Structures are given as structure tokens and as C-alpha cells.
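Fair warning: this is a prediction, and the values are worked out from it, not measured in the lab. Position 1 is the first residue of the sequence, and the numbers go up from there.
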Amino acid sequence: MHILLVASAFNSLTQRVHAELRDHGHTVAVELALPGSPWPETVRRHAPQLVVAPMLKTAIPEDVWTAHTCLVVHPGPVGDRGPSSLDWAIHEGVDQWGVTVLQADGEMDAGDVWACVPCRIPPVPKSELYRGEIADAALEAVLLAVERFAGGTYVPREQDAAGTADARLRPRPYLDQSVRRIDWAEDSTQDVLRKLRAADSQPGVLDVLLGGEWYLHGGHPESVLRGRPGELLATRAGAVCRATRDGAVWIPELRPRRVPGQPPTYKLPAVRALGDRLPPLPDHALPLLPEVRHRTWTDIRYREDGNVGFLSFSFPGGAMSTEQCRRLLDAYREACERPTSVLVLGGERDFFSNGIHLGVIEAADDPAAESWANINAIDDLVEAVLTTTDRLVVAAVAGNAAAGGVMLALAADEVWCRAGAVLNPHYRLMGLYGSEYWTHTLPRKVGAATAERLMSEALPVSSAGALRLGLVDRVVDCGPDAFAREVGGLAARLASLSATASRITAKKTELDRLESVTPLAGFREQELARMRRTFDDPDAPYHSLRRSFVHKERPTCTPPHLGPVQVAQTGPTPSAADVTGMAPFGVSSRPNG
């Protein structure tokens, strides 16, 4: 079918719906619901057979939903209504939830139900839940609803007929700051964490700190530090630790409250945001290899299980600043000193990496210089992975990855990707040529022609599509919470294979051969020369695009590359043998071996 996606933004869920509908053989176009958009004219121009709204903050006009079947994704079970569905669910401590696909009509979230898929709500931040369990349920519901619509015989249920016995499922208002407010003297650590998680990543929790008004973003429990409620106790990895009534929490990011008449503000690492306001505090950095495992937050961790090392990292929003890249490189080098034959690199759930940190760059006194420092820092990390020859390195892509983050994964010997992750292996939408050795790794993985197409199209790729392209080597078909366990089992099996030792030996030979023909330094120099010209040119589009991205400025129109897109050019749908648990280990999961 020809399907039109209408969305308030081309966000993670819209991207996933776009990629997976293409995987299923549909032609897909996108239109952003921007202020003043001529909805009826726009929809008529596309002449869709079906309209799907994965993330829509405004009502679909009557003259559109009466002329076309419009399916709206609501992140709540049947009966739940309102603009803060997930916020309320997390705020109230709900552990079971769902996603409903309903037909647009005259009342928001009240239309007939085409599909509803349940899911659970683990104790994670809202944005992580949205990209994980909610997105999984949403895709299942969307694909089921589209299949039912295409069949032509399914009759959607009225919501009253669907029914629910849960009194919490009712129309509810926007969850405002009066409800989100933290009372540091009275709220327990768990209450504080619940409020912070329900507000992540937007709108944050408005609070007063060191004489200023800030939105708090993110929250992790601290097991040892204690102090006067509301007091700042320590720093770690750019975050600040703040005491609660019965414990303490780590807050990774802050955003200043917007001043009327000034541009929108944006999130920064808490220490960076507070700047000179921050009093002298002890820095509680954790060693990478502690003798006793600390039950506290840190953004980089290492553990071992037999002959396998696991270097996990989790940076807010997947962005990696110069400082974060350097710390991760130090940790990587330390992990490579350990006596393991397999090293797994990646987070346990949610983002893998989205490349350089545009927010920190935008906030720098000299954004061009910070851009240059950041790209060199991530290049150093990628180079270290590419030149590791004494063990196999596996990139464990638990969640979405983009730009330099995709190229970091491609530097590994194998890329294992969770089903449901979305990859954006391109740079041009930010006005950049790209670096991270992509001119070496991407063509090596998918071929020169496909690499060029991925870069020029600048469209999201599903995990299944990435497997068919050869962009990843294995898709791990599991939920977000099970990914780390599944990867652990697979890595242990890889380490136990007799062929692993010979593969490690062959790595050194292959790297020596490559260096004698096309040295890695040449790829880096060529990429960085183009990046440097862009950074140093104040009129280069990169600077205005970065500024618009960081300040979340709305586009004036739907970007041209989101127009009608044919079926994904990624070959046939993978068989069951292409996913974890089915393929014989040691046999490539990519086409053509």
C-alpha cells in the first residue's frame, strides 16, 4: 500500500514505523504536522491508501479523517486518553501498560480501536521506555492494524465495547510542574526517581538550585552518599549528586529555565551547565575495575565473565562529548589489558551512540574548535577499536545509533543489534561529510554502491534491513531487558569456539596487509580535511543546522528526503535462521557469508 505518515516530528518512533513499513513492502511518505500546514491539500497531494500518525500532538482535521482512514498511535491501553499518558503511568508507578492504534474521529484518543498491544513498564526513564518497550508494542500494533486494514474485512471496536476495569484508565490532563515538583525534605529517593523518570527527557522537573531555576533531567540512585535534603554532595562524569530525605540521586543533565524573549534552552551535563555556580565538591569517580562492585550510577562500567569482557556505556541521548569519548577510550584501553579473548562494547539497553555531542559544542566559547576536538576524540576511539588485534571485539547495539555512533559499531569485528533498534548511518542532514573512518568501514560492510545510497538517502534503517544489507552481523530478537543476557550467552559461546583463536591471529595479518596497501591514517586524514573546512567556515550550513537542532527549532516545511519512498532496497526478508537462537554459531548471519 501507499501509506502517508503524519507526525509532529520525525522522532524515533516515526523513524521506526517508516523503516519497518518499508520492510513490509509498503511505499511510505512523511508529512510533518507544522503550524499552518494545509492538511487537506497535503493529504490529497499524496493520495494515500492509509494515513498513520505514529506521534502526533495535534488533532487531525475533520475533512481529513472523514475522507481517509487515519490510524493514530496512542501510548496507552484502551480507555486511556490525554497528552501525558506515559508521564502519568510512570508517575503513578504502573507496571503494566499498553499501546493502542485507534481511528481518528472528532474526539482526541476516543476513536475505534484497530489494535492494542500490552507491555510492561520497567523502572527506567520515560524516553528510554518510549524507545524500548513502548516502541516494540507500538510497532506490533501498527503492523497488525495495517494488516487488518489491508484485509478489508476487519471491523474496529468501539472503545466502550472494548471496555476496561482499570479505574486509572480515563481522560487525564497534561501533567504539569505543580504535580512534578520535588519536595526534597519530604520525598523519598524512590519518589524523587519516579518524578524524574516521568519527566525524562521532556519537560524535565523544574527546580531551584544554586540561586537559579533549572529543569532536572535524568535520575539514578546513589547507595552510599548522604547529606541534608536538597544538598549537592559530589560530582561524577559530569553529573551532580543531590541528597534526598533518605538517600541521594545522581542528576546527569540540567536545562536552565527559558527567559522570556530569549531562545529556547537546552540540556547540558550538569557540571557544565552550572559552571561557576557550582561550589567545590568532591569528584567521586569510580575505578573501571573495582574490587567490590559499586551499587551506584556511573556511565561507563566493565565486568568479566570467564573469557569475555563487557565494557558498557550509557550517555544521555546517545551523544558523546570530547570528555566522554576520552574517558571511554581510556576505559577501552584498560579493558584491552585484561586477559580476555572477546570484548563486548555497548550499552545494555537504549542508545548505542549518536556520535559527537552537538549540545556541548553549541555551548562552547568556540564551537568550531570544540567540533574539531570532539571529532578527533571519537576518531581516536574508533581507531583503537579498528586496530585491536589481540581479541575479537563485538559491538552490542541495544538501541538506536546514528552517524558516528553507527561507524563506532562498524569498527568492531561483529555487530550484534537488538531487533527494534533503528540505525541512521549518514551525516548530511547536519551538513557534515562525516568521519570516524566511515569511508573505510561502511563500504567494506555493505559495498560502495550501497554505502553511497545510504549516505545520500539519509533515511533510517531497521535492524532487519541492516541485517539484509550486511550493516550488522546478527539481530538479537528480544525485548530491551533481555538484550544484555542474550548477548552475554552469545559472547560466551563465541569465546569458546576453537575458530576464535584463529580469527584473532588473522586480525593482525589483515591489519598489516591493509596498512601496506591503504593505511587507515589516509582515510582519517581525507575525512578530517573536509570536516575541518566545514567547522572553520562560519557560513557552512552545519553551524545553523546544529543550532536549530540543539534549540529544537521547528522546520518550516517537511524535508524533501521524507517524500514518497519505495520499498526498502535491502533484499528479501531474513529467515528464522538469521536471528539469535536459530543460526548455527560460527556461521555468518549476513547474506553471502
Side-chain angles (χ1 to χ4, degrees), residues 1 3-32 50-57 71-75 86 98-101 115 117 119 124 126-147 201 317-318 347 349-354 397-403 405-406 409 417-426 429 454 457-469 471-472 475-480 483 559 561-562 565 567-570 573-574 579:
M1 286 192 299
I3 299 176
L4 175 64
L5 302 185
V6 292
S8 296
F10 198 51
N11 71 337
S12 60
L13 181 57
T14 307
Q15 291 180 29
R16 186 170 169 190
V17 170
H18 182 277
E20 295 205 19
L21 285 176
R22 292 176 62 211
D23 286 348
H24 282 74
H26 302 289
T27 300
V28 184
V30 179
E31 281 290 342
L32 300 184
L50 178 66
V51 176
V52 177
M55 191 283 289
L56 194 60
K57 297 181 180 180
L71 303 184
V72 178
V73 177
H74 177 71
L86 277 185
V99 176
T100 305
V101 175
V117 174
C119 66
V124 299
K126 177 180 65 175
S127 59
E128 184 174 325
L129 174 68
Y130 183 79
R131 289 184 293 268
E133 284 80 358
I134 293 296
D136 286 356
L139 259 294
E140 183 179 345
V142 166
L143 294 176
L144 177 58
V146 170
E147 179 183 348
S201 62
R349 52 176 293 153
D350 204 25
F351 284 119
F352 180 77
S353 169
N354 285 327
V397 182
N400 299 349
V406 175
C417 181
R418 189 185 83 83
V422 176
L423 308 182
N424 277 281
H426 53 81
L429 299 183
L454 289 172
E457 285 184 347
L459 292 172
V461 180
S462 69
S463 57
L467 179 65
R468 292 192 293 266
L469 288 171
L471 196 61
V472 306
V475 170
V476 183
D477 192 6
C478 66
F483 183 73
H561 76 288
L562 297 181
V565 179
V567 176
Q569 301 176 42
T570 52
T573 301
V579 296

Give, for atom [atom1] of [X] and atom [atom2] of [Y], the distance between the pair rounded to the nearest 0.5 Å.
X      : Y      : atom1 : atom2 : answer
Leu21  : Arg16  : CG    : CZ    : 11.5 Å
Phe10  : Asn424 : CZ    : CG    : 7.5 Å
Glu140 : Glu20  : CD    : CD    : 11.0 Å
His74  : Leu86  : NE2   : CG    : 8.5 Å
Ile134 : Ser12  : CD1   : OG    : 11.5 Å
His24  : Ser462 : NE2   : OG    : 9.0 Å

State, to 0.1 Å, how close [X] and [Y] come at their nearest heavy-atom pair, and which atoms those are.
X      : Y      : value
Val461 : Ala466 : CG1-N, 3.4 Å
Val99  : Ala137 : CG2-CB, 3.8 Å
Ala115 : Leu144 : CB-CD2, 4.0 Å
Ala398 : Gly347 : CB-O, 3.6 Å
Leu13  : Pro54  : CD2-O, 3.6 Å
Val422 : Pro460 : CG1-CB, 3.6 Å

Tell me whether [X] contacts the main-chain N or O of [Y] through its side chain, where contact means a donor paired with an acceptor under 3.5 Å.
X      : Y      : value
Ser8   : Lys57  : yes
Glu457 : His561 : no
Asp136 : Gly420 : no
Arg418 : Cys478 : yes
His26  : Met1   : yes
Asp350 : Gly399 : no

List the steps and the verdict of side-chain contact (heavy atoms from CB on, under 4.5 Å) for Val142 and Leu71. CA-CA 8 Å; Val142 166; Leu71 303 184; over 6 Å; no
Paired with Val397, the side-chain contact (heavy atoms from CB on, under 4.5 Å) test is passed by just one of Val476, Leu423, Val472, namely Leu423
In Val146, Val51, Thr27, Val30, the residue satisfying side-chain contact (heavy atoms from CB on, under 4.5 Å) with Ile3 is Val146
Checklist entry - Is there side-chain contact between Val73 and Leu56, with at least one heavy-atom pair below 4.5 Å? => result no
Side chain to side chain contact (heavy atoms under 4.5 Å, CB included) filter on Ser463, not counting sequence neighbours, yields Cys417, Ala419, Val475
Residues at least two apart in sequence or cross-chain that pass side-chain hydrogen bond (donor to acceptor under 3.5 Å, both in side chains) with Thr14, listed by chain then number, are Asn11
Any chance you could lay out the side-chain contact (heavy atoms from CB on, under 4.5 Å) test for Gln15 and Asn400, step after step, and finish with the verdict? CA-CA 10 Å; Gln15 291 180 29; Asn400 299 349; 5.9 Å; no
